[in-house]
Amino acid sequence: MKYNFHDIERKWQKEWQRRKVYEPDLKNSKRPFYNLMMFPYPSGEGLHVGNVYAFTGSDIYGRFKRMQGYDVFEPIGLDGFGIHSENYALKIGKHPMEQAKITEKRFYEQLGAIGNGFAWDERLETYDPEYYKWTQWIFTRLFKRGLAYRKKQAVNWCPSCKTVLADEQVISGKCERCGAVVVKKELEQWFFRITKYADKLLRNLGKLDWSERVKIAQRNWIGRSEGAEVDFEVKTTEKLNYLILHGYTGSPQENKYPWIKKELEKRGYEVNIPKLPNTNDPSEQEQVNYVLENFTLDENTVLFGHSLGAIVALKVLQKANTPIAKLVLGAAALDPKFSRDSKRPFWDSFNWNFNYKKINDLVSDKVIISDVREPHRASYLRYLSEKLSARLAEEKSIKKHFTGSTEPAILNNLILSIRVFTTRPDTLFGATYMVLAPEHPLVQSLRPRIKNWHEVQRYIKSAAGRSEEERIAEGRVKTGIELKGIRAVNPATKKEIPVWVADYVLSSYGTGAIMAVPAHDERDFVFAKKYALPIVPVIKPVIIRQPPGAGARGMAAEETVIQSECWVGSGEMTNSGKFDGMDSEKAQWAITKAVGGARNVQYRLRDWLISRQRYWGPPIPMIYCASCAKAGKGEQKGMPGWYAVPEKDLPVKLPFLKDFRPRGKGKSPLASVKSFYEVRCPSCGKKARRETDVSDTFLDSAWYFLRYASVRDRRRAWDPAATRAWLPVNMYIGGAEHSVLHLLYSRFMAMAFHDMKLLRFDEPFTHFRAHGLLISEGAKMSKSKGNVVNPDEYIKKFGADALRMYLMFLAPFEQGGDFRDQGILGITRFLERAWKFGHVVSASPRPKDSGPEVFRLLNQTIKKVGEDIEALRYNTAVSALMILLNKIEADPQHTSLLTWNDFLKLLAPFAPHMSEELWGISGGRGSIHRASWPKHDPKVLREETFTLVVQVNGKMRDAVEASIGIGEKQARELALGRERVRTFLGGRTPKRIVYVPKRLVNIVV
RNA sequence: GGGCGAGUGGCGGAAUGGUAUACGCUCACGACUUAAAAUCGUGUGCCGUAAGGCAUGUGGGUUCGACUCCCACCUCGCCCACCA
């Protein structure tokens, strides 16, 4: 009776489905166990053997848990949306919607053939409108929660896929999907505010039972660093002068003005704060004319207006028609249209229309300061900042409306300064120059004061054109250009230092600017060497006492200031960034405070860029209404005109597009489909425009595990009762390549839903295990090497059981394995022998009890296989099964039916089809996969004798069977009495005899 | 450059600080066969006829005893990479 695996496997696969062996009762489960495997991304080539490897490992664990009495839920689905599928469709010239159907069929057939205990009734596909309806719903929820927002930023652009990419999808400067070199592009895009959870994502790792390497990868990716933010004052060649306009009912003698004047004059600036006419009943013309008659604006003027003074300032500038250095508006008075206040006397005499364009042309450096304690002003100030394209600084006042006797927030915005982030404030004394990222806004705002603007502009352009990869490929040759005419003041040394622009500073990390300390930072050192900048090591700083004095940011007065005792201007780097003697926490913060800096924590993690300018994904369910935007209306603060598609209108179905090719130019193909993007505004009903980008595939997979237990729920994304019963996931197994993508996004989702009270837990996977990489013939599988293993072929040739078991036998599951063609024969032989013996067992009389040796080995095997499965050491579990079968075969007359059936149970997770068939043959009831896992008897494990090893000087010289009850004295005597031992001793007397109970005697001479 | 992991027979790999090389592949020989395949049996780290000696990347250390623990170095793999 040859084992016909083909028929038997097919038979049981059908039968299991018919009998719903793997369908847990989702409504009433006593012992739920959610055993999840990462659902596959269905490629056109069909199921990869790597998928089979991962799924088998997960399935074995699930089957083991099921036999231990759990209701195991092991769902499966397809992650079929995304660039990968779309690119494949493009390649073969099929439409992704049609191709998806073909691939789906193929994948489910293949997944069925590997014999996993899948809960087929709960399968899902991410491109199914029933599914992505909820993906879109999630988007709208995140938007309403303020976790989804739009911003313009230099983003990663893949020129080949013609779409933007998240940071996580750029690997060494290349597109994760297609390998094309990624460039930076300035685009407005949707982001998810994952950074809001940076700290929690980091902290929670501690309580998760996950593969350590994945936790480490996440920790590194989040990249928390503690440091300080310090402002460096900027000095320009021509001295600035300040013209400050107070507000309604104000005067230069009141609140912050004297202090500001003093602070600015201390720094050597000319300051004018005129008393404006008719403060209590001001008129626009009168005030504007007064200012223009008494003061002359020029390109070194910093114009600051507070409250109504801000409005006057705008008019003054408009009328003066002279370029100035900088414009700062503090808590500007509200356009009556935006105000809910009672009528003010000046409302009639002021004209609230401005020539924004003219103002923009006259001054490029503009700041609008908004007091966070005055939320009613926020929307107008935001509107104003957009109109003026000014930086909106949200600051906290000392006294509401910035009316305190000191207002550091105002002062800091008046002074031109560069804010840097550093983890090493103790090296401040060694900061000899500064570097801004090419995209730093200050570079643009300082433009009129930069003497070599042409060269600077050329450099910035070339830096933007260069891809990340090029920068790396150039071997870290750093390039940059000095901003001539601009200097910064080192707040520690008070010395003026040059300011550079260089692309080795990243705009998206920290403040986009650094203080360069070439003596203590390798990158700065290289740069300084190249451009002959001073290198000053910081040596032995000392603490001196100083009278109280405010720092640049007006921090509380200090008693201790740390100063460097001596600097040595040698050109060499003192050491590799380690700075002995003063990097203690205390010193770090003392110095930070002394220079008016503030403690700060920075994360490497960036917000998740979610937009994709492609076709094959869920359309982003947002609508933009231009007329609402004009009126400053919108669903979310700071995003006028934007509305989420109402839930009743979901899903926003992806239309069938004949030409679905990516268009480039930063727009999705949907942007050219009028019938798609033309909609009514959900708020005002006027004509509006639908968002035409689709969302990132990783959003689809960031929540799929929540859907499985509720796939038939048409009213909700997930059913609360089912979710409470089955989630969080008890065991999640998948590839380590998702360490910082899928696994981080999913955690973010759970945390966001938790905070929205949509979930009771905030971590989706309590246990996660990363399986290793399956390679073939000693090398990574690739088409070019011709070593790709096709699972269909092996299933056809050897059967699913053999393939499963062989894959698991290769090496520890978490380590990965090397698929060698020859090796599978060993497993085939093992299975054939089991098959043969299974028939012998049922055909010939069996002893009632197994012999003691067989029985002991059985018990040992039960223990070992159970422990090995729990630890995912499948290779040694298989090996133990082989040893047991060898024994049974060698001693068939001492093997009882009971023992044989226990063997089959141990085999069942690995070879589910054959064990099921043999189970029936030897009289087992029901499915073996619902039978209970055997228990070992600890008493039986113990043997009566053991091999006592005899060592001389630590080397094994002899071995002798001894009774388990032997004492130390007897063991010594037994050892010393051995012939061979005497030979090795050669008459010498032992100096020492070490006895290890139940193991060995070591005679030392 | 940083992080993580791994170096054991011809190969995949196994070993709570205590018999290194389990289990399997390969190979050799034998049985069965007209023959081959399959199957079964025996053997298989290296040197040596043997006694014995030498072997867990290299060099040191701790220990009665180290693949295992500690230090330094080398090699390979994976992940990240100008994150201040």
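Reminder, nothing fancy here: chain letters follow the sequence lines and each chain counts from 1.
Using a 4.0 Å heavy-atom criterion, one finds that A/I883 contacts the sugar-phosphate atoms exclusively. Residue contacts for A/N953: at a heavy-atom cut-off of 4.0 Å it reaches no nucleic acid atom on any strand shown. Note on A/N220: only backbone sugar-phosphate atoms sit closer than 4.0 angstrom, heavy atoms only; bases stay farther off. Contact annotation for A/R606: base contact, defined as any heavy-atom pair under 4.0 Å involving a base atom. Residue A/R873 is classed as having no contact, given no heavy-atom separation below 4.0 Å to the nucleic acid. Using a 4.0 Å heavy-atom distance criterion, A/D524 is classed as making no nucleic acid contact.
Partners of A/E889 under the side chain to side chain donor-acceptor pair (under 3.5 Å) rule, at least two apart in sequence or in another chain, are A/R833. Judged as a salt bridge (charged side-chain N to carboxylate O under 4.0 Å, His left out), and not counting sequence neighbours, the contacts of A/K863 are A/E867. Residues that satisfy the side chain to side chain donor-acceptor pair (under 3.5 Å) test with A/S963, not counting sequence neighbours, are absent from this structure. Every side chain to side chain donor-acceptor pair (under 3.5 Å) that A/Y509 has, sequence neighbours left out, goes to A/S225.
Salt-bridge formation is detected for the pair A/E968/A/R972: a Lys NZ or Arg NE/NH1/NH2 atom is positioned less than 4.0 Å from an Asp or Glu carboxylate oxygen.
In this structure, A/L810 atom CG and B/A14 atom P are separated by 11 Å, rounded to whole Å.
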Using a 4.0 Å heavy-atom cut-off to protein, can you give one letter per nucleotide of nucleotides 39-50 of chain B, 5' to 3': B if the base is in contact, S if only the sugar-phosphate is, - if neither?
SS----------

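Remark: the backbone N or O of A/F191 is not paired with any side-chain donor or acceptor of A/D607 at under 3.5 angstrom.
Base pairing in RNA chain B gives the following stems of 3 or more Watson-Crick or G-U pairs, range against range and under 3.5 Å: B:1-7 with B:74-80, B:10-12 with B:23-25, B:27-31 with B:39-43, B:45-47 with B:52-54, B:57-61 with B:69-73.
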